[in-house]
Amino acid sequence: MKLLIPGGAGYVGSHMAKYAQNQGHDVVVMDDFSTGHEWAVRDYEVLRVNLLDQEMLARSLKGRQFDGVIHFAAKSLVSESVKKPDLYYRNNVVGTLNLVHELLRNDINDLVFSSTAAIFGNPVTNSIAEEHSKLPINPYGQSKLMAENILRDICSAYSFNATCLRYFNAAGADQSETIGEAHEPETHLIPNILKSVLPDGNKLKVFGTDYDTYDGTCVRDYVHVTDLAQAHLLALEHMNNNSGFSAYNLGNGKGFSVADVIKACEKVTGTCIQFAVEGRRTGDPAVLVADSQLAFNQLGWRPQYDSLDAIVRSAWRWHQRGSR
Ligand code: UDP
């Protein structure tokens, strides 16, 4: 397949591009490099486009054909979204609308959309299935839910197919060790823990030990980024025989607290990890764990990294190489 990957220079997007190319597909990355990395996309044709620049977007897609589009281009930090909601609504909602507009004009009709567990807000069940209530508690989650709803309406109105994949906590790095998680600033737990034990690393901060969980720290479902990539290709294949809108939750179905993750990182790195306890971070729900039965049953998704240890080991190999 010939695939367009907006946001392909970012963390999940670059793993998607690599996985798709390894599976024999032809990849074109589109990115504005606001948070993505040039070093992550050396092996592909790159279109340097910001989705908010409709003219440039139209010019870059004119006359091109793709069998599928896998759309990652977005802002994705909960805490930043609380401080700058307008930035999130513009990038994630308007950006997606602009992209869909051009896809429709060019008769490109299959889209996989990078969504998030943040659309659900505070869980009312132990694990979250697709039909769980959707009441986001931060602008990031709101913006992704708005984009999902727009896609649902576009699929009803036109001959267009969209699959939304709601990731829980993407983690780990590609086994080639050439790409991995590298945000600036880094806000995610596993990279922050691993970087804290490297020379010049900052001391880890733990945000909140007074949550209503078994040890007081937040519980999350960590899923390997290459396993997420697998699900996107399966979703595109599934769309060949299943038209319209669909959505799947992607996680391992197991929750680990911040304290559990620190212990797993201690085991993998062989060090005792020092940390400071800070107040809660705004917008963080206490527990987020996926029920991914639908993706297993309908997409045939089979995550390969089934343990937190394996996920952390892959991330550690990447960070030791000095993440670019
Ligand atoms: N967290 C933390 N210290 C950090 C980064 C994250 O204590 O340096 C906590 C955060 O408050 C949340 C969990 O780790 O409870 C996972 O956060 P992350 O940013 O990795 O993912 P999110 O769940 O926000 O998408």
Side-chain angles (χ1 to χ4, degrees), residues 7-16 18 31-41 72-84 87-88 91-92 114 116-118 138-141 167-174 177-208 217-218 220-226 228 256-266 268-269 271 273-285 288 308 311-324:
Y11 172 45
V12 187
S14 61
H15 284 78
M16 181 71 244
K18 190 160 205 65
D31 210 289
D32 67 355
F33 294 94
S34 54
T35 52
H37 305 287
E38 306 261 4
W39 50 254
V41 292
F72 298 91
K75 296 274 169 203
S76 62
L77 299 178
V78 168
S79 47
E80 186 184 46
S81 80
V82 175
K83 290 187 195 118
K84 298 178 184 168
L87 180 73
Y88 276 66
N91 268 275
N92 299 358
S114 165
T116 170
N138 52 61
Y140 169 58
Y167 323 144
F168 282 61
N169 285 60
D174 185 69
E177 300 171 24
T178 57
I179 52 172
E181 193 163 8
H183 298 107
E184 191 50 57
E186 188 54 77
T187 62
H188 293 108
L189 180 63
I190 293 177
N192 276 351
I193 299 175
L194 297 177
K195 285 167 85 170
S196 77
V197 304
L198 290 169
D200 304 327
N202 294 324
K203 187 168 178 180
L204 176 70
K205 295 175 181 167
V206 169
F207 300 121
T217 63
C218 283
R220 293 288 182 273
D221 181 337
Y222 295 88
V223 53
H224 197 277
V225 65
T226 305
L228 291 178
F256 294 95
S257 70
V258 171
D260 291 334
V261 178
I262 294 174
K263 274 190 219 114
C265 292
E266 286 184 330
V268 168
T269 61
T271 53
I273 288 155
Q274 307 293 317
F275 59 86
V277 174
E278 305 257 325
R280 292 182 180 197
R281 217 169 51 170
T282 5
D284 276 349
L288 284 174
L308 181 61
I311 292 173
V312 169
R313 267 199 306 277
S314 76
W316 180 228
R317 282 195 295 272
W318 157 253
H319 284 289
Q320 280 176 302
R321 282 174 63 108
S323 46
R324 298 306 99 179

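Computed from a predicted structure; not experimentally measured.
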Participant: Say whether, by atom type as modelled, one donor and one acceptor occur between the side chain of E186 and the main chain of N192 under 3.5 angstrom.
Facilitator: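 A pair under 3.5 Å: no.
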Participant: Looking at residues at least two apart in the chain, or sitting in another chain, which of them share a ring-ring contact (aromatic ring centres under 6.0 Å, His included) with F168?
Facilitator: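 Here no residue qualifies.
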Participant: Are side-chain heavy atoms of H319 and P191 found at a separation under 4.5 Å?
Facilitator: yes
Participant: Say whether, by atom type as modelled, one donor and one acceptor occur between the side chain of H224 and the main chain of T226 under 3.5 angstrom.
Facilitator: yes
Participant: What I'd like to find out is whether the side chain of V261 reaches to under 4.5 Å of the side chain of T217, using heavy atoms alone.
Facilitator: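 Not touching, per the 4.5 Å side-chain cut-off.
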Participant: Would the distance check show the side chain of S314 and the main-chain N or O of A173 forming a donor-acceptor pair, the cut-off being under 3.5 Å?
Facilitator: yes
Participant: Does Y88 use its side chain to pair, donor to acceptor, with the backbone of L77 at less than 3.5 Å?
Facilitator: yes
Participant: Could you give the distance from CH2 (W318) to OG1 (T178), rounded to the nearest 0.5 Å?
Facilitator: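 That separation rounds to 7.5 Å.
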Participant: Would you find a donor on one side and an acceptor on the other, under 3.5 Å apart, between the side chain of H183 and the backbone of H188?
Facilitator: no
Participant: Do W316 side-chain atoms and T269 backbone N/O form a donor-acceptor pair below 3.5 Å?
Facilitator: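 No.
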Participant: Tell me, which pairs form a side-chain hydrogen bond (donor to acceptor under 3.5 Å, both in side chains) where one or both residues lie in residues 275-285, sequence neighbours left out?
Facilitator: D210-R280, R281-D284
Participant: For the backbone of A9 and the side chain of D31, can you confirm whether one donor and one acceptor N or O come within less than 3.5 Å of each other?
Facilitator: yes
Participant: For a side-chain contact (heavy atoms from CB on, under 4.5 Å) with I179, tell me which candidate from D174, V41, V225 qualifies.
Facilitator: D174
Participant: Could you state the interatomic distance from CD1 (I193) to CD (E266), rounded to the nearest 0.5 Å?
Facilitator: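 Answer for the CD1-CD pair, I193 versus E266, is 9.0 Å.
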Participant: Looking at residues at least two apart in the chain, or sitting in another chain, which of them share a ring-ring contact (aromatic ring centres under 6.0 Å, His included) with Y140?
Facilitator: none
Participant: In the structure I gave you, are the side-chain heavy atoms of L228 and M16 within less than 4.5 Å of one another anywhere?
Facilitator: no
Participant: Minimum heavy-atom separation for G283 to N138, with atom names?
Facilitator: O-ND2, 3.1 Å
Participant: How far does CG of L288 sit from OG1 of T116, to the nearest 0.5 angstrom?
Facilitator: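 Those atoms lie 8.0 Å apart.
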Participant: Is it true that, when you exclude F207 itself, more than 12 heavy atoms of the residues, nucleotides or ligands shown sit nearer than 6.0 Å to its CZ?
Facilitator: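 Atom CZ in F207 is crowded, with more than 12 foreign heavy atoms closer than 6.0 Å.
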Participant: Quick one: sort the Y11 and H15 rings into parallel, tilted or perpendicular, breaks at 30° and 60°.
Facilitator: perpendicular
Participant: Nearest 0.5 angstrom please: S34 OG to N91 CG, how far?
Facilitator: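 So the gap between those two atoms works out to 7.0 Å.
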Participant: Would you say I262 and V206 make side-chain contact, with heavy atoms under 4.5 Å?
Facilitator: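 Yes, side chains in contact.
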Participant: Any side-chain heavy atom of S114 within less than 4.5 Å of one from V12?
Facilitator: no
Participant: Looking at side-chain heavy atoms only, is the closest gap between R220 and P285 below 4.5 Å?
Facilitator: yes
Participant: What pair of heavy atoms forms the shortest contact from G172 to A315, and how long is it?
Facilitator: CA-CB, 4.0 Å
Participant: If you round to the nearest 0.5 Å, how far is NZ of K75 from OG1 of T35?
Facilitator: 5.0 Å
Participant: Search all heavy atoms of S14 against all heavy atoms of G10 and return the closest pair with its distance.
Facilitator: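 For S14 versus G10, the nearest heavy atoms are OG-O, 2.7 Å.
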Participant: Would you give the length of the straight line joining atom CG of L87 to atom CD of E80, rounded to the nearest 0.5 angstrom?
Facilitator: 5.5 Å
